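This report refers to the structure that appears directly beneath it.
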Amino acid sequence: MTDADSSSTDSTKQKHLYLVDGSAYIFRAYHRLPPLTNIHGEPVGAVYGYTTMLWKLADELHKSDGPTHMAVVLDKSSQSFRNELYSEYKAHRPEPPEDLRPQFPMIRDATRAFSLPLIEEENVEADDMIASYTKAAVAEGWKVTIVSSDKDLMQLIEPSDDSRVDMLDTMKNVRMGKATVEEKFGVGPEKLGDVLGLMGDSADNIPGVPGIGPKTASKLINEYGDIEAVLAAAPDMKKSKMKENILENIEQARLSRVLVTLKEDCPLPDTLDSFLIKDIPDAPLREFLTHHGFNSLLKKLGGGQAEPQNPDVDGSIGDSAPPAAAKPVEAPAIDRSTYECVQDLETLDIWIDRARTRGVMAVDVETDSLESVTARVVGVCMATGPNEACYIPLGHGSGDMFAESPKQIATDEALARLKPLLEDDAVLKVGQNLKYDMTVLAQHDIQITPFDDTLVMSFNLDAGLHGHGMDELSKLHLGHECISFKSLTGTGKKAITFAEVPLDKATEYAAEDADVTLRLWEILRLRMAPEQATRVYQMVDRPLVPVIAKMEETGVLVDREELARLSRSFAENMESLEKEIHALAGETFSIGSPKQLGEILFGKLGLKGGKKGKSGQYSTDVTVLERLAGDGEPIAQKVVDWRQLSKLKSTYTDALQEQINAKTGRVHTSYSLSGAQTGRLSSTEPNLQNIPIRTEIGRQIRQAFVAAPGNVILAADYSQIELRLAAHIADVKTLKEAFAAGEDIHNRTAQELFATVDRDTRGRAKTINFAILYGISRWGLAKRLEVDADEAQAMIDTYFERFPGINRYISETLQAARESGYTETLFGRKTWFERLKSANQTERQGSERAAINAPIQGTSADIIKRAMARMLPALAEAKLPAVKMLMQVHDELVFELPESDVAAASDVIRTVMSGAAEPAVKLSVPLDVDIGTGKSWDEAH
DNA sequence: AGACTCACG
DNA sequence: GACGTACGTGAGTCTT
């Protein structure tokens with residue numbers, strides 16, 4: 001197309017320079033793409049990403065406004081004039097990770113393979129070089145496109161509406177101009193430097209003004225004009241923390257402003273004309289692609305035309321990659337106009353027949369509330385194929401009491417027709433988080449069976465990679481943006497319920513839900529077996545869904561009077577503490593404000609303690625306060641006591657009263673099946689998994705969790721389950737013997753490590769045991785035990801020596817996780833760890849610790865989940881139908897049962913829980929279960 | 001909305 | 001050479 005000798009003749013053609021910010025791209029590609037290796041075993045993830053990016057840019061050549069000139073700019077060294085101004089500039093940046101470093105030369109190879117000019121200058125940052133070339137080109141009347149997404153470079157966009165400079169983000173495939181800057185930063189490109197200077201940039205270690213982020217920065221700049229004006233106006237601002245921060249950091253703000261300014265007058269090593277795009281010769285490119293085995297690109301090269309497809313991963317190199325997120329779907333695009341609103345029984349019957357014929361359907365129940373226990377059914381939707389979906393409105397009103405309700409089938413009649421279908425063994429029901437629908441339909445005595453749950457399937461395939469909400473899955477797997485619930489109902493005070501949404505809108509939304517759910521199921525189910533997710537799905541998580549639904553529905557009885565009594569008592573104690581604290585401080589202040597408290601303690605009273613974090617605030621957490629209390633500061637202990645009471649009152653005794661359901665008189669939590677990446681459940685609204693127990697005062701709250709008259713509470717918990725599993729998984733003979741013999745495991749550990757057993761050594765042994773489970777570091781252990789790092793290291797060494805197997809478990813787990821990207825529990829539950837190869841050391845080490853812990857915590861979760869799924873059938877078989885399972889707290893199950901059933905139920909519960917791993921997994925340690933009973937949850941412990 | 005603190009296993 | 005350090009959660013309060 002373009003060739004060298006045409007440049008002199010087409011002086012009329014608009015010259016357009018593309019400047020590629022290569023360095024920034026490489027780091028992004030490295031973090032975003034899976035850790036690929038090429039056919040020689042060399043890591044090439046970033047190279048592959050970079051190559052596909054250049055390939056994509058080649059498509060730009062065909063466009064009318066495409067590039068006539070192009071060059072790639074790379075950072076050669078990290079030094080520049082900024083380091084002289086400010087020694088901390090980019091000082092915190094870690095070295096590039098080991099598997100990225102060898103890719104830098106390959107990236108130069110790739111650039112040469114495309115016959116593109118490469119600019120890299122000693123002591124000049126790529127950003128400045130790009131700025132300088134941009135200015136030079138614009139001065140010649142050229143257009144410039146900067147291929148990057150770096151916000152600093154956005155300063156180069158011209159403030160006029162017809163800016164000759166724009167930016168292109170090839171990863172997101174978006175062009176960015178003046179409007180992008182205004183949208184993102186609230187100011188035009190010409191003021192961007194002022195905003196960036198004020199807010200700072202943690203990525204480059206530019207400090208800015210503490211406490212000022214993008215929002216505040218743009219507000220200030222819009223109000224005053226630029227940084228200098230803000231600084232000048234600061235003394236007259238009204239008193240606030242922000243004003244103080246500005247006044248204390250004037251010089252720092254000025255420095256930051258200079259640091260973010262791009263240098264536009266760097267010497268240019270090559271002329272603009274030398275960047276003229278010539279034909280790209282095939283040979284070097286072909287050689288490069290062949291060398292790395294980038295087969296799909298090679299194929300495109302052979303075919304001649306470069307198709308602007310998604311750059312997929314070559315089959316030959318992708319074997320260690322996580323499953324590709326977006327799959328091509330053969331189903332037709334989602335078309336909301338095909339959805340039907342079902343308003344009479346005849347039509348409903350047609351849909352029911354259709355579902356029976358298909359053998360599989362998606363279903364979703366719409367209600368007027370998120371409180372599943374008491375929510376009213378507003379409608380039901382179902383899908384039987386792509387774009388084959390309907391909505392059956394049942395409880396819609398007009399929202400206007402004088403107007404008629406829309407035509408709809410009576411709820412009872414429709415549900416009576418749907419019940420046989422929903423319970424039909426020959427029709428698989430697919431839903432997204434069916435736990436909710438099951439709870440709602442339980443009010444109408446309807447089961448949903450058999451079923452598949454796309455939320456659970458996604459969680460079993462991709463835990464750790466992304467969320468599992470339907471909107472997110474739809475975007476990811478179908479490339480489809482769902483109608484948002486909020487767009488129909490609004491938010492806040494003016495929000496309406498789904499019952500008030502007009503039928504046409506409701507049909508579009510609800511039928512789409514079912515349509516999307518069925519499409520997701522088609523995609524996910526095909527992945528289950530090949531990706532080994534079937535086992536944990538079928539043996540652990542799917543059976544749990546109706547069990548959790550039932551527990552939520554049952555709820556737990558909470559004594560409101562008891563809570564109110566505690567609230568009053570806590571309030572009284574807080575009041576007297578507050579007076580004493582204010583007296584000691586010499587002034588009144590808000591004790592609940594960490595900011596004010598820090599300033600009183602460390603500012604006014606002059607106690608010693610350090611600043612922390614970018615916010616520049618004193619830390620006042622319990623470890624700090626207890627240290628002060630230990631130094632004999634009476635105010636510190638009083639604050640600790642006040643804090644405890646305040647926490648207990650607001651989070652528990654006050655909040656819990658409000659959670660008592662008006663209809664049932666009980667508290668119904670919601671368990672999230674995908675809440676914790678390790679496979680644990682989590683509990684919300686309220687969280688019943690963190691009710692106090694560790695302190696005497698807190699424990700009183702458990703006295704309010706009671707049994708109905710004639711009943712008692714029974715609590716059954718696994719004893720040391722995670723340590724037992726660690727002993728089994730890491731095959732530690734000493735520990736296994738100790739558990740088999742029923743020894744106290746922390747005593748045994750103390751014996752092995754310190755050769756003596758007393759309170760002190762047992763306590764330290766316990767700390768070390770937990771540290772092992774959590775992925776130990778000598779620094780972490782040192783801090784906990786208040787010893788120095790060397791001593792901590794010595795203890796770790798002794799531990800590894802005494803308990804061989806632990807060390808091996810850690811290194812094998814990490815190695816396997818680095819290779820595959822995930823860890824596995826004994827039941828095959830996967831947890832993905834994408835940050836295991838992060839360039840950020842803190843991030844990477846954090847992932848390593850999480851990966852060490854996940855198989856143990858996850859196996860424990862698997863086991864108690866299996867126990868839960870088996871519990872109700874086992875109780876039924878033992879003729880104990882009155883026993884209710886109320887709560888799960890990770891290693892504990894809580895029941896409510898008639899007093900007369902205690903002995904028999906205890907046997908069943910203990911048997912089910914201790915044997916929950918079997919027969920799928922045979923453990924080499926016993927699983928002991930402690931059981932207690934009483935009138936309240938407190939007494940049951 | 002985000003930081004901070006703290007409740008649980 | 002500095003940094004921040006145990007794993008997994010949810011929620012209330014204060015501040016911007």
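Here is the naming used below: chain letters follow the sequence lines, and residue numbers restart at 1 for every chain. Just so it is clear, the structure is predicted and the values come from calculations on it, not from any experiment.
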Self-check item: Nearest-Å distance once atom P is located in both B/dT5 and C/dT5
Solution: 12 Å
Practice problem: Check every atom of C/dT16, C/dG8, C/dC14 against the side chain of A/Thr216 and return the nucleotide holding the closest atom. | Solution: C/dT16
Quiz item: How is A/Gln845 classified with respect to the nucleic acid when contacts are heavy atoms under 4.0 Å: base, sugar-phosphate, or nothing?
Solution: base
Exercise. Mind calculating the distance between CD1 (A/Ile701) and C1' (B/dC8) to the nearest angstrom?
Key: 12 Å
Quiz item: Partner of C/dA11 by Watson-Crick or G-U wobble geometry, both contacts under 3.5 Å, or none?
Solution: B/dT5
Quiz item: The side chain of A/Asn687 lies closest to which of these nucleotides: C/dG10, C/dC7, C/dC3?
Solution: C/dG10
Exercise. Check for a donor-acceptor pair, side chain of A/Lys604 on one end and backbone N or O of A/Ala585 on the other, with a separation under 3.5 Å.
Key: yes
Exercise. Look at all strands and tell whether A/Gln677 reaches a base, only sugar-phosphate, or nothing, counting heavy atoms closer than 4.0 Å.
Key: sugar-phosphate
Quiz item: Considering only side-chain heavy atoms of A/Lys647, which listed nucleotide, C/dT16, B/dC6, C/dT13, is closest?
Solution: B/dC6
Quiz prompt | Side chain of A/Thr678 (C-beta onward), nearest among C/dG8, C/dA11, C/dG4 | solution = C/dG8
Quiz item: Taking 4.0 angstrom as the limit, do A/Lys837 and A/Glu848 come out as a salt bridge?
Solution: no
Practice problem: Would you mind classifying the nucleic acid contact of A/Ser777 as base, sugar-phosphate or nothing, using non-hydrogen atoms under 4.0 angstrom? | Solution: base
Practice problem: Would you indicate which nucleotide in B/dG9, B/dC4, C/dA2 comes nearest to any side-chain atom of A/Gln841? | Solution: C/dA2
Exercise. For nucleotides C/dG4 and B/dC4, find the distance between their P atoms and express it as a whole number of Å.
Key: 12 Å
Practice problem: Can you figure out which of C/dT15, B/dC8, C/dC7 approaches the side chain of A/Arg702 most closely? | Solution: B/dC8
Quiz item: Can you tell me how far the OG atom of A/Ser567 sits from the CG atom of A/Leu645, to the nearest 0.5 Å?
Solution: 11.0 Å
Practice problem: Scan A/Arg694 against the nucleic acid and name what it touches under 4.0 Å (heavy atoms): base, sugar-phosphate only, or nothing. | Solution: base
Quiz item: What's the CH2-P distance between A/Trp642 and B/dT5, to the nearest Å?
Solution: 13 Å
Self-check item: Interatomic distance, A/Glu685 CD vs C/dT9 P [rounded to whole Å]
Solution: 18 Å
Quiz item: Base, sugar-phosphate, or nothing for A/Ser683, non-hydrogen atoms under 4.0 angstrom?
Solution: sugar-phosphate
Quiz item: With a non-hydrogen cut-off below 4.0 angstrom, is A/Ser670 in contact with a base, only sugar-phosphate, or nothing?
Solution: nothing
Practice problem: Kindly point out which of C/dA11, C/dT15, C/dC7 is positioned nearest to the side chain of A/Gln596? | Solution: C/dT15
Quiz item: Which one, C/dG8, C/dT15, B/dC8, comes nearest to the side chain of A/Ala850?
Solution: C/dG8
Quiz prompt | A/Arg680 side chain, from C-beta outward: closest of C/dT15, C/dA6, C/dG8 | solution = C/dG8
Exercise. With heavy atoms under 4.0 Å as the rule, sort A/Asn690 into base, sugar-phosphate or nothing.
Key: base
Quiz item: A/Ser860 near the nucleic acid: base, sugar-phosphate alone, or nothing, with a heavy-atom cut-off under 4.0 Å?
Solution: nothing
Practice problem: Could you check whether A/Ile693 gets within reach of a base, just the sugar-phosphate, or nothing at all, counting any heavy atom under 4.0 Å? | Solution: sugar-phosphate
Self-check item: Rounded distance (Å) that lies between atom P of C/dT15 and atom NZ of A/Lys215
Solution: 22 Å
Exercise. Quickly work out the A/Gln644 CD to B/dC6 C1' distance and round it to whole Å.
Key: 10 Å
Quiz item: In Å and rounded to the nearest 0.5 Å, what is the CD1 to NE2 distance from A/Ile856 to A/His728?
Solution: 11.5 Å
Practice problem: May I have the distance from A/Met242 (atom CE) to B/dA3 (atom P), rounded to whole angstrom? | Solution: 18 Å
Quiz item: Counting any heavy atom closer than 4.0 Å, what does A/Ala676 reach on the DNA or RNA strands: base, sugar-phosphate only, or nothing?
Solution: sugar-phosphate
Quiz item: Mind checking whether A/Tyr618 and A/Phe602 have parallel, tilted or perpendicular rings, split at 30° and 60°?
Solution: tilted
Quiz item: Between A/Ser593 (side chain) and A/Ser590 (backbone), is there a donor-acceptor pair under 3.5 Å?
Solution: no
Quiz item: Does A/Val667 reach the side chain of A/Gln657, with side-chain heavy atoms less than 4.5 Å apart?
Solution: no
Quiz prompt | Proximity to the side chain of A/Lys595 - top-ranked nucleotide from C/dT16, C/dG12, C/dG8 | solution = C/dT16
Practice problem: Scan A/Ile776 against the nucleic acid and name what it touches under 4.0 Å (heavy atoms): base, sugar-phosphate only, or nothing. | Solution: nothing
